[in-house]
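Single-structure report; data block below.
Since we're looking at a predicted model, the values are computed, not measured.
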Protein chains: 2
Amino acid sequence: MVRSRASAVTPFQTASHDHDNCVETALDRAAQLCAARGARLTELRRQVLRLVWGGHEPVGAYAVLESLKRSHPGAAPPTVYRALDFLIEHGLIHRIESLNAYVGCSRPERPHVSQFLICGKCGAAAELDDPAIARAVLRRAAELGFVVEQQTIELSGLCPRCRARPDA
Amino acid sequence: MVRSRASAVTPFQTASHDHDNCVETALDRAAQLCAARGARLTELRRQVLRLVWGGHEPVGAYAVLESLKRSHPGAAPPTVYRALDFLIEHGLIHRIESLNAYVGCSRPERPHVSQFLICGKCGAAAELDDPAIARAVLRRAAELGFVVEQQTIELSGLCPRCRARPDA
DNA sequence: TCGATGATTGTTATAATATAACGCATCGAG
DNA sequence: CTCGATGCGTTATATTATAACAATCATCGA
Ligand SMILES: [Zn+2]
Ligand SMILES: [Zn+2]
Ligand SMILES: [Zn+2]
Ligand SMILES: [Zn+2]
């Protein structure tokens, strides 16, 4: 049996996770990517991206809006939705359909399909890029003559940490 | 290699599909299932189920409401949502998260996980019950110590029939 | 049969999520 | 500079879903 490489650890964050650094890294990568593509990561979009990256839990558009108003008093729903649209188009965040919420993308360098594990207890969402799942899905679709354009794969349940602690 | 049985044809409907019969069968099965479980498939719930089964395209709650009003003038949003909740609880319909819409379940006899192929052109949704996909998903989750409670797997794209016709 | 009980439905209001439409500002190419 | 495209402000509205409480109905034991 082939062993996973060291990088294939849990995609859920551990207690020692340095999230401030995590967010700064994500913002820097976003700036680089947008520059490379000629896309404008304006200050507004950057702030929305930072707010979506506030944690590893998906966050709703109106929650982003409330936070954004602190630094940007005139913000209204279109302000946020337009920024979210931009960030999604450029693969910097993903939309979680089953929650009507948004979460930062962990590998924005290139477009990809991903799968999400979403903990119902702590709210954390882990992004997977599992070739076996993608392969199984595409294989079956191909057998049926269906051309897949977009995949929404969201698994809700209990993450390892919440499973370990019986309650909270 | 193991060959699929004859029943494993495309889950998309063909031109010869007798949908009136399809709906009646679904309603009869629903009645039987509810009777066996001691659940009450009231006339209201039965009508909502019939409306959701109006086609093999997922249908929104407010579209159901508009249709329902013809036979049930006093209907309001809670009327529909409560019926939809009942039907989902008993596995008679599924909710499509990526569309905020509802579609009849093709195999309501027992609870199951399913995957949906949704055509962006004609709107049809086909329900799969592919063990390979389910296995790949559960396997990866288990490796990560994640307990899966619910699966949302929705693939949008182009169905075989729409792919065949270049345009419409 | 009667009435207690829980399930179902009626009704009104409101919450939560998302988009339409239009105008102004800004930026960069030519 | 001027034009055209993009970004953003602003107001209003669309779409999806739920809260809360009253009225009615079904069922079943006393
Ligand atoms: Zn982090
Ligand atoms: Zn049919
Ligand atoms: Zn089903
Ligand atoms: Zn189609």
In whole angstrom, give the distance that lies between atom CG of A:Leu99 and atom P of C:dA16. 16 Å
For C:dT17, does either OP1 or OP2 sit under 4.0 Å from a side-chain N or O belonging to A:Arg95? no
Out of C:dT8, C:dT11, D:dA17, which nucleotide sits closest to the side chain of B:Ala76? C:dT11
Would you kindly check whether a donor in the side chain of B:Tyr62 faces an acceptor in the base of D:dA17, or vice versa, at under 3.5 angstrom? yes
Taking B:Glu127 for its side chain and B:Ser106 for its backbone only, find out whether a donor-acceptor pair lies under 3.5 Å. yes
For atom CZ of A:Phe86 and atom P of D:dT6, their distance in whole Å: 13 Å
Whole-Å gap separating P (D:dA5) and CZ (A:Arg40): 15 Å
Let me know the distance between CG of A:Leu84 and P of C:dT19, rounded to the nearest Å. 10 Å
note: A:Gln47, atom CD; D:dG7, atom P; distance rounded to Å ~ 17 Å
Give the nucleotide from the list C:dT17, D:dC8, D:dA17 with an atom nearest to the side chain of A:Arg45. D:dC8
State which of D:dT18, D:dC21, D:dG9 makes the closest approach to the side chain of B:Pro78. D:dT18
Is the distance between the ring centroids of B:His56 and B:Phe12 less than 6.0 Å? no
Rounded distance in Å - OH (A:Tyr81) to P (C:dA16): 12 Å
Check every atom of D:dA17, C:dT11, D:dG9 against the side chain of B:Thr79 and return the nucleotide holding the closest atom. C:dT11
Option from A:Leu27, A:Val64, A:Leu68 for which side-chain contact (heavy atoms from CB on, under 4.5 Å) with A:Arg50 holds: A:Leu27
Rounding to an integer number of Å, can you tell me how far B:Leu65 CG sits from C:dT11 P? 13 Å
In the structure I gave you, are the side-chain heavy atoms of A:His17 and A:Cys22 within less than 4.5 Å of one another anywhere? yes
The side chain of B:Ala61 is closest to which nucleotide in this list: D:dA17, C:dC27, D:dC8? D:dA17
Reference residue B:Val52; test side-chain contact (heavy atoms from CB on, under 4.5 Å); the match among B:Val80, B:Val59, B:Leu92: B:Val59
Looking at every strand, decide which applies to A:Tyr102 at a 4.0 Å heavy-atom threshold: base, sugar-phosphate, or nothing. sugar-phosphate
Using a 4.0 Å heavy-atom cut-off across all strands, classify A:Arg82 as base, sugar-phosphate, or nothing. base
Rounded to whole Å, CD of A:Glu97 lies from C1' of D:dT15 at a distance of 15 Å
If each of A:His72 and B:Ala101 is mapped to the nucleotide of DNA chain D with the nearest heavy atom, which maps nearer the 5' terminus, i.e. the 5' end? A:His72
